[in-house]
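Input: a single structure, listed below in structure tokens.
Everything quoted here is computed from the prediction, not taken from an experiment. All residue numbers in this chain count up from 1 along the given sequence.
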Amino acid sequence: MYVTHDPSTGQTDREYEQIRDVDGVLDTVTEGFTTWRDTDVAERARILVAIADAFDEHREELGKAITTEMGKLPDQAQGEVELAASIYRWYGEHGPALLEPESLDVPEARLNRVTYEPVGPLVGIMPWNYPYYQVARFAAPNLLLGNTVVLKHASICARSSAAIEKVQRAAGLPDDVFVNVYASSDTVAEMIADPRIKGVSLTGSEGAGAAVATVAAENLKPSVLELGGSDPLIILDADDLDELTETVGRARLSNCGQACNSPKRIFVPSQLEEDFLGRLKNLYEELAVGPAADEGTELGPLSSEDARDGVVEQVETAVRQGATLVTGGAAIDRPGAFMQPTILTGITEEMDAYREEIFGPVAMVYTYDSVDEAVRIANDTHFGLSGSVWGTDTERASEVAERLEVGMAYVNEHGTTMPGLPFGGVKRSGYGRELGRWGLTEFANVRLQRVR
């Protein structure tokens with residue numbers, strides 16, 4: 001069921017009917033592909049820039065939709081709209097040059113030319129935690145390339161997914177190039193298996209990724225998966241521990257801790273443990289927790305009461321298994337999906353929390369005596385999305401960052417995402433890359449023409 005349910009109030013606003021005419025939708029994007037692929041790339045790029053302008057123009061309205069749907073704070077919501085706009089704009093401005101044919105210097109031929117051509121209609125299965133950014137990350141490069149898109153968004157994102165379609169059409173994107181649908185998992189599987197669909201991209205859970213990858217593989221379709229993460233953040237030292245604690249602590253709570261690449265595991269040298277934990281505890285206990293739209297709120301609700309209860313249960317299990325609860329850990333007794341910001345320490349490999357992703361406002365702090373120990377534990381996970389190292393000696397920090405088994409490693413920042421940078425992970429965090437030039441070729445026919 002697609003439902004708009006406000007996690008700040010606990011009230012359901014509206015329910016939406018799911019798609020019934022799957023065949024009609026697939027016919028639409030298939031017919032659209034025959035025209036869109038032949039549209040000049042300069043025109044496709046112009047439309048992407050127009051979409052970016054439209055996102056910027058409707059920033060406040062679009063931001064309010066996701067504040068209501070999944071509880072994102074207004075400044076973070078509008079910031080996400082701006083980020084999505086920047087992705088459409090980047091591909092509109094830089095994408096055409098990246099699609100220029102390439103000549104290869106390989107002997108015994110008059111011509112070795114590589115071109116990048118679209119493959120056809122795609123299905124994008126998107127999550128609720130970044131309703132606009134995730135769609136832009138998938139849609140923008142593929143629309144530029146000439147593919148058409150069926151969007152299956154998360155069931156709580158009915159309003160924002162409809163808004164995406166509306167904004168894009170108003171900016172000049174043809175109706176048969178991008179179609180938003182409200183669909184069940186079974187319906188999506190049916191679409192992926194259909195010969196008219198040529199590929200699928202999913203951002204979501206490991207379980208959803210495995211299910212989608214299975215259907216895609218059975219039907220010989222390419223897929224891109226961006227799944228969970230339990231990102232390590234290793235602190236080596238600090239000139240200003242107050243500033244570092246503020247930066248790191250708030251980074252963990254951005255989007256109420258509901259980000260795949262959030263710094264979920266924080267590693268602190270033993271000599272800084274007491275000072276860091278004291279500062280982090282004070283920060284978390286003084287934060288203003290409340291409805292997302294209220295002025296002064298610093299931490300809003302989780303996406304739903306079920307999501308909140310699941311995180312609380314993970315914390316309770318960790319404590320029962322021997323972890324130390326420094327602060328927080330409980331649901332807040334009020335309507336909505338609120339939870340106290342939480343700090344856990346003393347987590348060992350026998351505990352569930354050592355292996356799990358905790359998708360909420362919970363900082364897991366590990367203390368280490370040697371960098372080798374920190375790196376070993378940081379890598380001792382089946383996730384591998386991103387990680388970061390923080391220190392005053394950037395050369396040393398970079399050497400440590402090189403040792404992290406992740407798709408994206410950062411020094412003195414965490415989780416930075418920009419249109420020109422590749423995004424993706426390794427291990428069970430998924431495969432494939434989005435954004436930058438890499439996002440243009442995941443669903444492209446890299447076609448060679450050679451003339452003797």
Dump the intermediate steps for side-chain contact (heavy atoms from CB on, under 4.5 Å) on L344 and V326, then the final yes or no. CA-CA 6 Å; L344 286 174; V326 177; over 6 Å; no
Please determine which of T203, I156, L202, V135 meets the side chain to side chain contact (heavy atoms under 4.5 Å, CB included) test together with P127. T203
Run the numbers on Q134 and N129 for side-chain contact (heavy atoms from CB on, under 4.5 Å), then give the verdict. CA-CA 9 Å; Q134 303 278 9; N129 57 336; 3.8 Å; yes
Between E305 and H5, a side-chain donor and acceptor under 3.5 Å: yes
Compute whether any side-chain donor of one residue and acceptor of the other, for D380 and Y354, lie under 3.5 angstrom apart. yes
Regarding Q168 and Y88, do their side chains bring together a donor and an acceptor under 3.5 Å, going by distance alone? yes
Answer with yes or no whether the side chains of D369 and S270 bring together a donor and an acceptor at under 3.5 Å. yes
Tell me whether R320 is salt-bridged to E316, with the criterion being a basic N under 4.0 Å from an acidic carboxylate O. no
Under 3.5 Å side-chain donor-acceptor pair for S386 and D231: yes
For the residue pair S223 and Y431, confirm or rule out a side-chain donor-acceptor distance under 3.5 Å. yes
Return the minimal non-hydrogen interatomic distance between Q258 and F359, and the atom names on each side. C-CZ, 3.4 Å
For E350 and Q321, test the side chains for any donor-to-acceptor distance below 3.5 angstrom and give the result as yes or no. no
Salt bridge or not between E442 and R433? Use side-chain N to carboxylate O under 4.0 Å. no
Between V150 and M191, does a side-chain contact (heavy atoms from CB on, under 4.5 Å) hold up when you go through it step by step? CA-CA 9 Å; V150 177; M191 288 193 288; 4.1 Å; yes
Candidate pair E246 and R279, rule salt bridge (charged side-chain N to carboxylate O under 4.0 Å, His left out), full reasoning: CA-CA 8 Å; E246 183 85 8; R279 286 166 169 79; over 6 Å; no
Is the charged tip of K264 near the ring of F383: under 6.0 Å from the six-membered ring centre and within 45° of its axis? no
Might you point out which heavy atoms bring Q18 and A183 nearest each other, and give the distance in Å? OE1-C, 3.7 Å
What are the two closest heavy atoms between A378 and P232, and how far apart are they? CB-CB, 3.6 Å
Is the terminal nitrogen or CZ of R308 (NZ for Lys, CZ for Arg) located under 6.0 angstrom from the six-membered ring centre of F338 and within 45° of that ring's axis? no
Residues A292 and G71: closest non-hydrogen pair is CB-O, 3.4 Å
Under 3.5 Å side-chain donor-acceptor pair for T417 and Y133: yes
Is any NZ, NE, NH1 or NH2 atom of the basic residue among E69 and R159 found under 4.0 Å from an Asp or Glu carboxylate oxygen of the other? no
Is there a donor-acceptor contact under 3.5 Å linking the side chains of Y116 and E102? yes
Could you check whether the rings of H414 and Y410 sit parallel, tilted or perpendicular, using 30° and 60° as the cut-offs? tilted
Just by distance, with hydrogens left out, do T327 and E285 show a side-chain donor and acceptor under 3.5 Å apart? yes
Mind listing the closest non-hydrogen atom pair of V289 and M339 along with its distance? CG1-O, 4.3 Å
List the atom of K198, the atom of L122, and the distance in Å for their closest heavy-atom pair. C-CD2, 4.1 Å
Determine whether Y16 and Y2 satisfy the following criterion, ring pair (Phe, Tyr, Trp, His ring centres under 6.0 Å), listing intermediate values before the conclusion. CA-CA 5 Å; Y16 299 77; Y2 277 69; 7.6 Å; no
Could you tell me whether E298 and R250 make a salt bridge, using a distance below 4.0 angstrom between a side-chain N and a carboxylate O? yes
Using a distance-only test with no angle check, is there a side-chain donor-acceptor pair under 3.5 angstrom linking E357 and S230? no
How long is the straight-line distance from NZ of K427 back to CD of E206, given to the nearest 0.5 Å? 12.0 Å
Determine the interplanar angle of the F267 and Y366 rings, folded into 0 to 90°, and report it as parallel if under 30°, tilted if 30 to 60°, perpendicular if over 60°. parallel
Any luck finding a side-chain donor-acceptor pair between R355 and T381 under 3.5 Å? no
Do E413 and T416 meet the criterion of a side-chain donor-acceptor pair at a distance under 3.5 Å? yes
